[in-house]
There are 2 protein chains.
Amino acid sequence: MLIEIDFRDKRPIYEQIVGRIENLMIQGIIKPGDTIPSVRSLAMELSINPNTIQKAYSRLEKDGYIYSVSGRGSFASNISSLLPGKKQEVLDKLKDIVLEASDIGMEKDELIKYIGEM
Amino acid sequence: MLIEIDFRDKRPIYEQIVGRIENLMIQGIIKPGDTIPSVRSLAMELSINPNTIQKAYSRLEKDGYIYSVSGRGSFASNISSLLPGKKQEVLDKLKDIVLEASDIGMEKDELIKYIGEM
DNA sequence: TAAGTGTACTACGAGTGATAGTACACATGA
DNA sequence: TCATGTGTACTATCACTCGTAGTACACTTA
């Protein structure tokens, strides 16, 4: 099972699926051109409604991760061009954390030290 | 106006208020013992329902930031004992970011460099 | 042709956020 | 004392999102 759902997770199911598939593609486990499980089969496998899967796939297609062909299935796109944007997103989040840390009197060095020791 | 609401913010109003007051206390702008605006006056000032303010204040009291006295008002608690927990929260978030960065092939050094240059 | 595929649509229930209104007990100051 | 302001506790209603459920249609493939 490459894709699983955590019902304790506060995020909506469709968002978990989006994140999981994005992750599998970024890690190269799903490669460009690979077939993505069909809406109905994945719904069956996860015991959730096909509409929920469709919602996730629509989002993935809109964001450029997959492309869907009516009657044939859904396939992984080449996401190499998306990586710079993803990197910037991470840096933006990191910036928020650093500002939050600053609010409670934590110095940059403390954060850097923590990262280094991970 | 120390407290404002951003209606473009996706977070619920009560959560914005909680965050804002926490922030003012952490920064020392609101000091232990200070009076917090009354439920009704803040509701009037922000043009929102008193129940929304009450919900925010209930959360703040539950989390130890303020204490409320029936008939008198709400007051800022001494939050110095809460700081270690807040620091740990920040570090936990930082950890998530680092893992996310790792997923898309970013090295720790890249993050550390970014923090250093902020 | 039959089966599997993506896609679109409506309808319903549950949960949450926010509003609206009412009510009660308490503290304070005129 | 009494009016006012305070926190607190309800109920009711509305809007929105998430998820489920069912149906339908056009397409591709074996």
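Because the structure is predicted, anything quoted here is derived from the model rather than measured.
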S.K.: Quick one: which residue pairs count as a ring-ring contact (aromatic ring centres under 6.0 Å, His included) with a foot in residues 69-105 of chain A, not counting sequence neighbours?
M.R.: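 Of all non-adjacent pairs touching residues 69-105 of chain A, those that pass ring-ring contact (aromatic ring centres under 6.0 Å, His included) are A:Tyr67-A:Phe75.
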
S.K.: How long is the straight-line distance from CD1 of A:Ile66 back to CG of A:Leu60, given to the nearest 0.5 Å?
M.R.: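 Atom-to-atom, A:Leu60:CG and A:Ile66:CD1 are 5.0 Å apart.
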
S.K.: First and last nucleotide of DNA chain D in contact with chain A, 5' to 3', at under 4.0 Å to a heavy atom: what are they?
M.R.: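 Contact span on the strand: D:dC18 to D:dT29.
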
S.K.: Would you mind reporting whether B:Leu94 and A:Tyr114 have side-chain heavy atoms less than 4.5 Å apart?
M.R.: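 The answer is yes; the side chains approach within 4.5 Å.
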
S.K.: Does any residue of residues 29-50 of chain A have a heavy atom under 4.0 Å from DNA chain C, and if so, which ones, in number order?
M.R.: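 When residues 29-50 of chain A is checked for heavy atoms under 4.0 Å from DNA chain C, the hits, listed by number, are A:Ser38, A:Val39, A:Arg40.
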
S.K.: Would a 4.5 Å heavy-atom cut-off, applied to side chains only, mark B:Tyr65 and B:Val18 as touching?
M.R.: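 Sidechains of B:Val18 and B:Tyr65: no contact.
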
S.K.: According to the side-chain hydrogen bond (donor to acceptor under 3.5 Å, both in side chains) rule, which pairs have a member within residues 70-79 of chain B, sequence neighbours left out?
M.R.: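 Listed by first then second residue: B:Ser68-B:Ser74, B:Asn78-B:Ser80.
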
S.K.: For B:Asp9, enumerate each residue passing the salt bridge (charged side-chain N to carboxylate O under 4.0 Å, His left out) test, keeping only those at least two apart in sequence or located in another chain.
M.R.: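 Here the qualifying residues are B:Arg11.
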
S.K.: For A:Ser41, which residues count as a side chain to side chain contact (heavy atoms under 4.5 Å, CB included) partner, sequence neighbours excluded?
M.R.: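 Partners of A:Ser41 by the side chain to side chain contact (heavy atoms under 4.5 Å, CB included) criterion, ordered by chain and then number, come out as A:Pro37, A:Ser38.
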
S.K.: List in numerical order all residues of residues 52-65 of chain B for which some heavy atom is under 4.0 Å away from an atom belonging to DNA chain D.
M.R.: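 By residue number: B:Gln54, B:Glu61.
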
S.K.: May I ask you to test the B:Leu46-B:Thr52 pair for a side-chain heavy-atom distance under 4.5 Å?
M.R.: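 No, too far: nothing below the 4.5 Å cut-off.
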
S.K.: Taking only residues at least two apart or on different chains, which pairs with a member in residues 11-37 of chain B satisfy ring-ring contact (aromatic ring centres under 6.0 Å, His included)?
M.R.: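 Sorted result for residues 11-37 of chain B: empty, none.
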
S.K.: At less than 3.5 Å, do the side-chain atoms of B:Asn51 and the base atoms of C:dG21 form a donor-acceptor pair?
M.R.: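 Indeed there is one.
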
S.K.: State the CG-CD1 distance between A:Leu83 and B:Ile104, to the nearest 0.5 angstrom.
M.R.: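 CD1 of B:Ile104 is found 6.5 Å from CG of A:Leu83.
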
S.K.: Could you note down all residue pairs passing salt bridge (charged side-chain N to carboxylate O under 4.0 Å, His left out) where residues 21-46 of chain A supplies at least one of them, sequence neighbours left out?
M.R.: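 Residue pairs passing salt bridge (charged side-chain N to carboxylate O under 4.0 Å, His left out), neighbours aside: A:Glu22-A:Lys86.
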
S.K.: May I ask you to verify if any side-chain N or O of A:Ser74 is less than 4.0 angstrom from the OP1 or OP2 atom of C:dG6?
M.R.: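 Looking at the OP1 and OP2 atoms of C:dG6, one of them is under 4.0 Å from a side-chain N or O of A:Ser74.
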
S.K.: Which ones in residues 16-25 of chain A lie close to DNA chain C, meaning a heavy atom under 4.0 Å from one of its atoms?
M.R.: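 Going residue by residue through residues 16-25 of chain A, none turns out to have a heavy atom under 4.0 Å of DNA chain C.
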
S.K.: Considering only distance and modelled atom types, tabulate donor-acceptor pairs under 3.5 Å from the side chains of residues 1-8 of chain B, sequence neighbours left out.
M.R.:
from   : atom 1 : to     : atom 2 : distance (Å)
B:Asp6 : OD1    : B:Arg8 : N      : 2.9
B:Asp6 : OD1    : B:Arg8 : NE     : 3.2

S.K.: Among pairs that include at least one residue of residues 98-107 of chain B, which meet side-chain hydrogen bond (donor to acceptor under 3.5 Å, both in side chains), considering only residues two or more places apart or in two chains?
M.R.: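 Qualifying pairs: A:Asn23-B:Asp103, A:Gln27-B:Asp103, A:Lys93-B:Glu100.
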
